[in-house]
Amino acid sequence: MQYGKLFVPTGTKTIYEQYDPWRNFFTIEEYTVDGIEEIEVDGGVTISVVGGKIVVNGAGDAKVEVFGSNGAVVYSGAADNLPELAAGIYIVRVGSTVKKVAVTQ
């Protein structure tokens, strides 16, 4: 049985072609991970981290909630009032969309 397409890190394709179950993929394609700078979610809302601060654009009147890694709410309100937060991993919810972001200082 063959599977669909498998994306693997650049320089590792030949290794994946040699071992089960990876070699059973119809296509194995290499790619380079450049990192995620911006996330676009349904409705044209963008969630990004700029200069150590979470930035939400296109949210309109939707409530923005930011949760810390322990699940506690660290912010709830409008997109244009987001505070600067300490470095860490946060969960941002805009309406029904939830995304994880990393804030670095």
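Numbers here are sequence positions counted from 1.
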According to side-chain contact (heavy atoms from CB on, under 4.5 Å), who are the partners of D20, at least two apart in sequence or on a separate chain?
R23, N24
Check whether K53 reaches the backbone of L82 with its side chain - one donor and one acceptor, N or O, closer than 3.5 Å.
yes
Flag the pair V56 / V45 as yes when at least one side-chain heavy-atom distance between them is below 4.5 Å, and no otherwise.
yes
Quick one: side-chain contact (heavy atoms from CB on, under 4.5 Å) partners of I15, sequence neighbours excluded?
Y19
Answer yes or no: is there a side-chain heavy-atom contact under 4.5 Å between W22 and L6?
yes
In the hydrophobic clustering (ILVMFWY, side-chain contacts below 4.5 Å, transitive), which residues join V50, or is it alone?
V55
OG1 of T12 to CD of E30: how many Å apart, nearest 0.5 Å?
5.5 Å
Closest non-hydrogen contact found for V94 with A62 is CG1-CB, 4.1 Å
Which pairs pass side-chain hydrogen bond (donor to acceptor under 3.5 Å, both in side chains) with one or both residues in residues 62-74, sequence neighbours excluded?
E65-R93
Would you find more than 12 non-hydrogen atoms of other residues, nucleotides or ligands less than 6.0 Å from N81 atom CG?
yes
Minimum side-chain heavy-atom gap E17-I28 below 4.5 Å:
yes
Side chains of I54 and L85 in contact at under 4.5 Å (non-hydrogen atoms):
yes
According to a 4.5 Å side-chain heavy-atom criterion applied to Ile, Leu, Val, Met, Phe, Trp and Tyr, with indirect links allowed, do V92 and I89 form part of one hydrophobic cluster?
no
Residue list, side-chain contact (heavy atoms from CB on, under 4.5 Å) with D80, at least two apart or on another chain
A78
With heavy-atom distances below 4.5 Å as the criterion, would you say the side chains of V66 and I91 are in contact?
no
Applying ring-ring contact (aromatic ring centres under 6.0 Å, His included), name anything that partners F7, two or more places apart in sequence or on another chain.
none
Rounded distance [0.5 Å steps], CZ in F25 versus OH in Y16:
10.0 Å
Over all heavy atoms of both residues, which pair between Y75 and P83 is shortest? Give the atoms and the distance, please.
CD1-CD, 3.4 Å
